[in-house]
Protein chains: 2
Amino acid sequence: MKDLPPFAQHFILHWGEMGTKWGINRTVAQIHALLFLSDRPLHAEEICEQLGVARSNVSNSLKELQNWGIVKVVHLPGDRRDHFESIQDVYELFRVIAAERKKREIDPTLVRLRACANEAGATDNPADAHAKEQLESLLGFFELVSDFYTKMDRLPTKSAIQAIRMGDKIAKSIGALMK
Amino acid sequence: MKDLPPFAQHFILHWGEMGTKWGINRTVAQIHALLFLSDRPLHAEEICEQLGVARSNVSNSLKELQNWGIVKVVHLPGDRRDHFESIQDVYELFRVIAAERKKREIDPTLVRLRACANEAGATDNPADAHAKEQLESLLGFFELVSDFYTKMDRLPTKSAIQAIRMGDKIAKSIGALMK
DNA sequence: CGGATATTTCTGTCTTTACAGAAATTGAGA
DNA sequence: TCTCAATTTCTGTAAAGACAGAAATATCCG
């Protein structure tokens, strides 16, 4: 990371480390961090040089970031190379990540949980009653999360932020009304 | 997975697969799934037999689940072996997971982002202005998430669920009032 | 206290992932 | 059209992670 200021280097290293906790390869996350901080699109060779990784690794990692939808190719006039840029707006970035995680994790889990709950419901073995109940409860939770996601995704960013800021106060008021 | 009904097996396999997307080892996640479905605490040998994994691997994985706070040791009268049980309540389970993720990921990221933003703020190199802005914006986002977590964690489960169910409607109303 | 049981730690190996560099392919421009 | 640059794919290898089984340690109970 030769030409980067220390604060950028620290951020990139940290982001890479967080990536591994989220099931994302360190280099992929570091490349994303670099593009996120950059004020202009970067081409692959620049990324190689800045992060000190092989060209082929950069190529594969960029493909993955594109699959996540958070990085896209742009072409600059007078330059035949692909340049890459990250979504710059933080809220948009996390919105896209959430959408992709819902697609890759939540939706398949919902499908699987519904199937398992149905299978469990079709059996009358008392030994399975608890497991059935657990699956149904977990299904309810994932449905709640999925609903929450869907609704929030429809809101403009400002409204979503408001909901998040005030959600607990409103819940308290609802609680008070219900008493 | 010899003695488990097919629906349980399907769930356990799926949960293990999801684990890998969340940065958790497959076997660890599968052991958790087994304990989550079980209507009684299981001892290590039972887990080995049910999942077909080595005793030492079970031992290490249970340690990790305990570190996450979602599995605990219980001792049964007349049986010297450690038995293990998962948190059974889904909302409590995800509350504990969220707390641990905040501690392991959000909090260190906040610390790091604050440090980076300060470093970036102490430099007046115009080339760094964009990166500084990006870091500050990301810091704002993580602070929002951290706040949201803290507030929701204080609510009883029912109120938290209400907030999640109604949050978008209220955000729309706030938006209408602001116009 | 000694033997048996239970658990943990260690070690070696297997598997998977990550990675660099070579080779192949694609696309742009003269 | 040909050459060269850019990119992707492939291959081999290194590293990391996962895992089983042996060895060591700890604990219980007769």
Side-chain angles (χ1 to χ4, degrees), chain A residues 1-2 12-13 15-35 40-68 71-85 104, chain B residues 1-2 12-13 15-35 40-68 71-85 104:
Chain A
M1 303 206 207
K2 28 180 89 163
I12 289 164
L13 288 172
W15 204 245
E17 207 179 308
M18 288 301 109
T20 65
K21 293 176 197 280
W22 300 325
I24 310 292
N25 160 354
R26 172 178 284 108
T27 304
V28 172
Q30 288 181 347
I31 291 171
H32 175 251
L34 179 67
L35 292 176
R40 62 186 177 85
L42 302 179
H43 63 83
E45 198 61 47
E46 284 178 283
I47 296 171
C48 294
E49 285 165 5
Q50 302 249 7
L51 297 183
V53 301
R55 181 74 182 72
S56 62
N57 199 7
V58 168
S59 177
N60 289 328
S61 300
L62 286 168
K63 188 175 297 183
E64 184 167 341
L65 290 167
Q66 286 171 79
N67 287 341
W68 276 94
V71 163
K72 70 179 183 183
V73 186
V74 296
H75 286 99
L76 304 189
D79 195 329
R80 60 192 285 198
R81 294 172 298 191
D82 290 351
H83 283 67
F84 299 91
E85 63 181 10
R104 293 177 185 205
Chain B
M1 306 210 205
K2 24 182 85 163
I12 289 165
L13 288 172
W15 204 247
E17 206 180 309
M18 288 300 110
T20 64
K21 294 176 198 277
W22 300 325
I24 310 292
N25 159 355
R26 173 177 284 105
T27 303
V28 172
Q30 287 180 348
I31 290 170
H32 176 249
L34 179 67
L35 292 175
R40 63 185 175 86
L42 302 178
H43 63 82
E45 197 62 44
E46 283 178 285
I47 296 172
C48 294
E49 285 166 5
Q50 301 250 10
L51 297 183
V53 300
R55 182 75 182 74
S56 60
N57 198 9
V58 168
S59 177
N60 290 330
S61 300
L62 286 169
K63 189 175 299 183
E64 183 166 343
L65 289 168
Q66 286 171 78
N67 287 342
W68 276 94
V71 164
K72 69 177 182 184
V73 186
V74 295
H75 285 99
L76 305 189
D79 194 329
R80 61 190 286 201
R81 292 172 298 192
D82 292 351
H83 284 68
F84 299 91
E85 64 181 10
R104 294 178 184 203

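In what follows, chains are A, B, ... by sequence order, proteins preceding strands, each numbered from 1.
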Between [atom2] of [N] and [atom1] of [X], the distance in whole Å:
X: Glu45(B); N: dA20(D); atom1: CD; atom2: C1'; result: 13 Å
X: Ile47(A); N: dA20(C); atom1: CD1; atom2: C1'; result: 17 Å
X: Leu51(B); N: dA20(D); atom1: CG; atom2: C1'; result: 15 Å
X: Leu62(B); N: dT8(C); atom1: CG; atom2: C1'; result: 12 Å
X: Gln66(B); N: dT8(C); atom1: CD; atom2: C1'; result: 13 Å
X: His43(A); N: dT8(D); atom1: NE2; atom2: C1'; result: 17 Å

I want to check one thing: is the phosphate of dT7(C), taken as OP1 and OP2, less than 4.0 Å away from some side-chain N or O of Lys63(B)?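 Looking at the OP1 and OP2 atoms of dT7(C), neither is under 4.0 Å from any side-chain N or O of Lys63(B).
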Determine: side-chain N/O of Ser59(B) to OP1/OP2 of dT7(C), distance under 4.0 Å, yes or no.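 No, Ser59(B) has no side-chain N/O under 4.0 Å of OP1/OP2 on dT7(C).
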Partner set under side-chain contact (heavy atoms from CB on, under 4.5 Å) for [X], not counting sequence neighbours:
X: Arg55(A); answer: Ala44(A), Glu45(A), Cys48(A), Ser59(A)
X: Asn60(A); answer: none
X: Arg40(A); answer: Ser38(A), Leu42(A), Glu46(A)
X: Ser56(A); answer: Ala54(A)

All N/O contacts under 3.5 Å from nucleotides 21-24 of chain C to the protein, with atom names and distances to one decimal?
unit_1  : atom_1 : unit_2   : atom_2 : d
dG21(C) : N7     : Ser56(A) : OG     : 3.2
dG21(C) : O6     : Ser56(A) : OG     : 2.6

If I compare all heavy atoms of Trp15(B) with all of Ala33(B), which pair ends up nearest, and what's the gap?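 Reported closest heavy-atom pair: CD1-CB, 3.6 Å.
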Between Gly16(B) and Ala29(B), which heavy-atom pair has the shortest distance, and what is it?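 The answer is CA-CB, 3.8 Å.
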Heavy-atom contacts under 4.0 Å between residues 17-27 of chain B and DNA chain D, which residues?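 Asn25(B), Thr27(B), in order of number.
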Contact residues, residues 72-85 of chain A to DNA chain D [heavy atom, < 4.0 Å]: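 Only Arg80(A), Arg81(A), Asp82(A) qualify.
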Residues two or more places apart in sequence or in another chain: which of them pass salt bridge (charged side-chain N to carboxylate O under 4.0 Å, His left out) with [X]?
X: Lys63(B); value: none
X: Arg104(A); value: Glu100(A)
X: Arg26(A); value: none

Kindly point out which of dT8(C), dA20(C), dT9(D) is positioned nearest to the side chain of Val53(A)?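 It is dA20(C).
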Tell me, please, which residues at least two apart from Asp82(A) pass side chain to side chain donor-acceptor pair (under 3.5 Å).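 Residues passing side chain to side chain donor-acceptor pair (under 3.5 Å) with Asp82(A): His75(A).
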Please, which pairs that meet ring-ring contact (aromatic ring centres under 6.0 Å, His included) have at least one residue in residues 46-68 of chain A, sequence neighbours excluded?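 Non-adjacent pairs meeting ring-ring contact (aromatic ring centres under 6.0 Å, His included): zero.
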